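Computed from a prediction, not measured in an experiment: that's the story for all the values here.
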Amino acid sequence: MGSLVLKLLLISVVFSDHGEGISDGLPAADAPWRRLIGPDALLTRLDKLLDVCIANYEDLTTDLLLGVAIANGQLKSILTGPRLENQPFIETVRKKCDYVESRIDSIFSFPSSANAIVSKLLINANFWQSNDALPDDYQSAIVPVPDDVDDLASASPHKQSHGRHTLHSYLRALQLGAPSELQSDECLSELLVNDSENEFDKTLSPPGERQPHLKPLLLSRECSNAMSLRKKSYGYHLTHKLLFYLILGKQHFTNIQQEFVVTATDQLCEQILRESQLIAELDYPEIFRDLFMEQVFLCAYVGYAEFRNQTWLGEIVGWQNGNGCFKYYQDRDRVGTNRLTTECSTHMTGVGAAVLALFAKLQLIG
C-alpha cells in the first residue's frame with residue numbers, strides 16, 4: 001500500500017464513536033432490519049447485481065465470476081431444502097447465476113497460468129454449494145478475543161488519538177506476511193492439480209481410516225512456507241491464507257485430517273475477527289470495505305457465528321449502489337463504455353454477490 005494511499009486515508013478518514021449495539025445471529029426480529037437484511041431483501045439485491053452482470057456479459061472478470069459462482073452454490077443449497085414461498089423467484093435468480101457463471105467457459109479455453117487454473121476450477125457453483133471442509137457435526141468455536149492482545153486487538157473507538165495510532169499500526173501491518181496474491185494463486189493451483197513435492201506429511205491419517213479420495217497432498221516447500229500458521233499475516237494475506245485452508249479441507253487428501261483444517265480455520269478466524277472489529281470501530285473506512293466484506297464472507301462461510309452480525313451485514317448492504325454494484329474507492333476515477341467500468345469494482349461486487357447469497361441461505365436454511 002503506497003504512501004499516496006496512506007496520505008489520502010489520513011486526510012479522509014473521520015474517526016467517530018461507534019456506539020451501536022451489535023447483535024449476533026440471524027434472522028433479525030424487527031421489521032426494519034428484515035426489510036434491510038432479511039432473505040427477500042438480500043435476494044432482491046443479488047438479482048439487481050446479476051442484471052448488471054448480464055448486461056455486461058462480455059466484460060466480466062474472473063473475480064466477479066468467482067463471487068457469482070459462490071452465490072450460485074448458496075442458492076442451490078437453498079433450493080435443495082424444503083419448498084419456500086418465494087421458490088420461483090429464487091429459481092429465477094439461480095438461472096441468472098448459471099448464465100453469468102457460464103462466461104468462464106469462453107474466457108479460458110486452455111488455462112495455463114496459476115490464476116487461470118484456479119479460476120477455471122473454482123468458478124463452479126457445485127464446489128461452493130456446501131462447506132464440506134468441516135465435519136457434519138462441526139460446531140463453530142467461540143472465538144476468544146482478549147482485551148489487550150496487541151495494538152490491533154485493543155483499539156478503542158472512544159479515544160481518537162489511540163484510534164489514529166491503531167490505524168497507523170494496521171496500515172503498516174497490511175504490508176506484512178504471506179501469501180502474496182501470486183503465491184496464493186500458485187498454492188491454490190497446487191491444491192487443485194496436486195503435482196508438487198510433499199511438505200504436509202505430518203498429519204497422516206490413522207491406519208484403516210476411510211477417506212473419500214485416494215491421493216495425498218503434494219505441496220511445494222515454497223507454498224508450505226507461505227501458508228504456515230506460525231507466520232503472522234494481516235489483511236488480504238490473512239484472508240488468502242484462510243481460503244487456502246478452506247479449499248484444503250474440501251479436497252479431502254488422504255494425509256490431511258479434517259481436525260487439522262478445523263484448527264487452522266479457528267486460528268485464522270480468531271485473528272480475522274480482531275481485524276474486522278477494528279475496522280468496525282473505525283467506522284468502516286472506505287479503504288477497508290472490500291477487505292471487510294471478504295473477512296465477513298469467509299469466516300461466516302466456514303461457520304463462525306461472530307461474523308453473522310446484523311450490524312455488519314447492514315453496513316455491507318448499504319455500500320451497494322443504486323445500479324446494483326459495489327464500488328471500491330480506488331476505482332472511483334475509472335471511465336469506460338460499460339457499467340462494470342463506471343459503476344462497479346469487479347472484485348468488491350463479486351464478494352458482494354457471495355455475501356448476499358450466503359446470508360440469505362443462513363437465514364432460510366441455516
Margin query: Quick one: does any side-chain atom of K48 pair with a main-chain N or O of L43 as donor and acceptor, under 3.5 Å?
Written below: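 Looks like no, no N/O pair under 3.5 Å.
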Margin query: Is it the case that the side chain of N321 and the backbone of G324 share a donor-acceptor pair, with hydrogens and angles ignored and the cut-off at 3.5 Å?
Written below: yes
Next item on the list: Only counting residues at least two apart or in another chain, list the ones meeting disulfide (SG to SG under 2.5 Å) with C97.
Entry: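 Checked C97 against disulfide (SG to SG under 2.5 Å); zero matches.
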Can you list the residues that meet the side chain to side chain contact (heavy atoms under 4.5 Å, CB included) rule with [X], with sequence neighbours excluded?
X	answer
S180	L182, Q183
D40	N86
R83	Q87, P88
T349	L49, L64, C325, F326, C344

Margin query: Centroid separation under 6.0 Å, is that true for the rings of W312 and Y284?
Written below: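 Centroid distance Y284-W312: not below 6.0 Å, so no.
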Item checked: ring-ring contact (aromatic ring centres under 6.0 Å, His included) contacts in which one or both residues fall within residues 54-88, not counting sequence neighbours -> Y57-Y99
Margin query: Looking at R289 and E315, is any side-chain nitrogen of the basic one under 4.0 Å from a carboxylate oxygen of the acidic one?
Written below: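 Judged by the 4.0 Å cut-off on N to carboxylate O distance, E315 and R289 do not form a salt bridge.
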Item checked: Pair K95 + E91, salt bridge at N-O below 4.0 Å -> no
Margin query: Could you walk me through whether F288 and F292 satisfy the ring pair (Phe, Tyr, Trp, His ring centres under 6.0 Å) test, starting with their C-alpha distance in whole Å, then the side-chain angles of each, then the deciding distance to 0.1 Å, before giving a yes or no?
Written below: CA-CA 6 Å; F288 296 138; F292 181 79; 10.0 Å; no
Notebook entry, point to check: Between the side chains of E275 and Y170, does any donor sit under 3.5 Å from an acceptor?
Noted result: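 The answer is yes; a qualifying pair exists.
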